[in-house]
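As the structure is a prediction and not an experimental result, all values here were calculated from the model.
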Amino acid sequence: MRSAPTLRLAVARSASMRAAALLLALLGACSLPRAWDSDRAQQAAHRLGPRAVQSLQSLQAVMASAVEADEAAKLDAINQFFNRHVAFRDDEVVWGTADHWASPLETLSKGVGDCEDFAIAKYFALLAGGTPASRLRLVYVRLQMGGPGGPSRAHMVLAHYASPQAEPLILDNLVSEIRPASRRPDLTPVFSFNSEGLWQGAGAQSMGDPAIRLSRWRDVLTRARAEGFL
């Protein structure tokens, strides 16, 4: 049997260890992004295969290093991650269909995607990192190629608004540098949306609920939630 002093020391040590564990748990909880269920994401990645698991681990490392960074650094980290880890391929090549909007882990599991897949993956990664949805919009644009008077084609980018009236910053798989919209005269907004709304162009005119109006967006929201991103 332990002596009284030894017993008191053991009890004190145990209480101290419990307090330290509680403090670490609280600190860890404070550092976790709001819209991120890492356990669910890992389970989903394992279902998709080794490439998804490895890419998710790399993304988590980037997100962890960006937790305390300012918004500009966080935007750059996520933009560069996907632009470097994903190669551009048309949906016909990747999915055998004309238009498929992939979830973030689907894109990471393939390692390839088209412009919608880049924009969607960046959107959900930034949400997972704590950026409010109100600051982010996926923007469907007409991309003018070859300068003024050249042909145009459909394209999608991600826009970040520091405030509702601020000039948006454009995250694009075609241009590695994040630029303000005024420096992207090759882009003409058609409509924009996020998980909260749908708008004409890049303005404030509401077009209703995007989950109702855009079936592909509704589907990808469901898959992203299953992957732990919402």
Side-chain angles (χ1 to χ4, degrees), residues 17-87 94-95 100-114 116-138 156 158-160 169 171 173 178 193-196 210-211 216-230:
M17 291 175 66
R18 286 197 301 272
L22 177 61
L23 177 60
L24 287 173
L26 289 172
L27 289 172
C30 291
S31 66
L32 288 175
R34 296 178 304 157
W36 177 253
D37 186 334
S38 59
D39 290 338
R40 191 188 305 172
Q42 290 172 19
Q43 292 167 9
H46 279 284
R47 289 193 295 270
L48 288 170
R51 183 168 194 160
V53 173
Q54 183 176 1
S55 295
L56 176 62
Q57 290 172 347
S58 298
L59 175 60
Q60 287 175 314
V62 170
M63 291 171 61
S65 65
V67 165
E68 301 300 329
D70 61 28
E71 195 74 355
K74 187 180 298 183
L75 290 173
D76 185 63
I78 294 300
N79 189 58
Q80 293 298 333
F81 174 85
F82 284 102
N83 284 358
R84 290 170 178 168
H85 281 75
V86 180
V94 182
W95 298 100
H100 175 83
W101 290 12
S103 68
L105 290 187
E106 285 176 337
T107 296
L108 289 177
S109 71
K110 297 285 188 179
V112 295
D114 67 359
E116 291 97 346
D117 302 328
F118 278 92
I120 288 167
K122 293 171 187 179
Y123 173 80
F124 284 112
L126 286 167
L127 281 188
T131 301
S134 59
R135 295 186 183 179
L136 300 170
R137 289 193 193 183
L138 298 113
M156 186 180 286
L158 180 64
H160 176 272
L169 299 174
L171 286 68
N173 64 291
I178 297 176
F193 62 97
N194 59 23
S195 50
E196 298 179 343
R216 290 186 179 87
W217 180 237
R218 181 172 62 249
D219 292 343
V220 83
L221 279 172
T222 299
R223 280 177 275 129
R225 287 190 183 100
E227 294 175 1
F229 283 93
L230 285 173

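Distance check, rounded to the nearest 0.5 Å: CG of N79 to CG of L171 gives 4.0 Å. The line from CZ of F81 to CG of L108 is 5.5 Å long, rounded to the nearest 0.5 Å. A distance of 13.0 Å separates CG in L221 from CZ in F229, rounded to the nearest 0.5 Å. Between M63 atom CE and W36 atom CH2 the span is 4.5 Å, to the nearest 0.5 Å. Atom CD of Q60 sits about 5.0 Å away from atom CD of Q42, to the nearest 0.5 Å.
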Do any side-chain atoms of residues 71-78 form donor-acceptor pairs under 3.5 angstrom with protein atoms, and if so which ones, sequence neighbours left out?
from: E71; atom 1: OE2; to: T131; atom 2: OG1; distance (Å): 3.0
from: E71; atom 1: OE2; to: H160; atom 2: NE2; distance (Å): 3.2
from: K74; atom 1: NZ; to: G129; atom 2: O; distance (Å): 3.0

Tabulate below the donor-acceptor pairs under 3.5 Å that side-chain atoms of residues 43-59 make, not counting sequence neighbours, or state none.
from: S55; atom 1: OG; to: R51; atom 2: O; distance (Å): 3.0
from: S58; atom 1: OG; to: Q54; atom 2: O; distance (Å): 3.2

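Considering only heavy atoms from C-beta on, M156 comes within 4.5 Å of L138 through its side chain. Counting heavy atoms from C-beta outward, V86 and N173 have side chains that stay 4.5 Å or more apart. Residues V62 and F82 fail the side-chain proximity criterion, which asks for heavy atoms closer than 4.5 Å. Side-chain atoms of F124 and S103, non-hydrogen and from C-beta on, never get closer than 4.5 Å to each other. Looking at T107 and I120, their side chains never come closer than 4.5 Å, going by heavy atoms from C-beta outward.
Annotation: salt bridge (charged side-chain N to carboxylate O under 4.0 Å, His left out) contacts involving residues 116-136, sequence neighbours excluded, are absent.
For S195 against W217, the heavy-atom pair with the smallest separation is N-CZ2, 3.8 Å.
Aromatic ring centres of Y123 and W101 lie farther apart than the 6.0 Å criterion allows.
Formation of a donor-acceptor pair under 3.5 Å by the R40 side chain with backbone atoms of R225 is found in this model.
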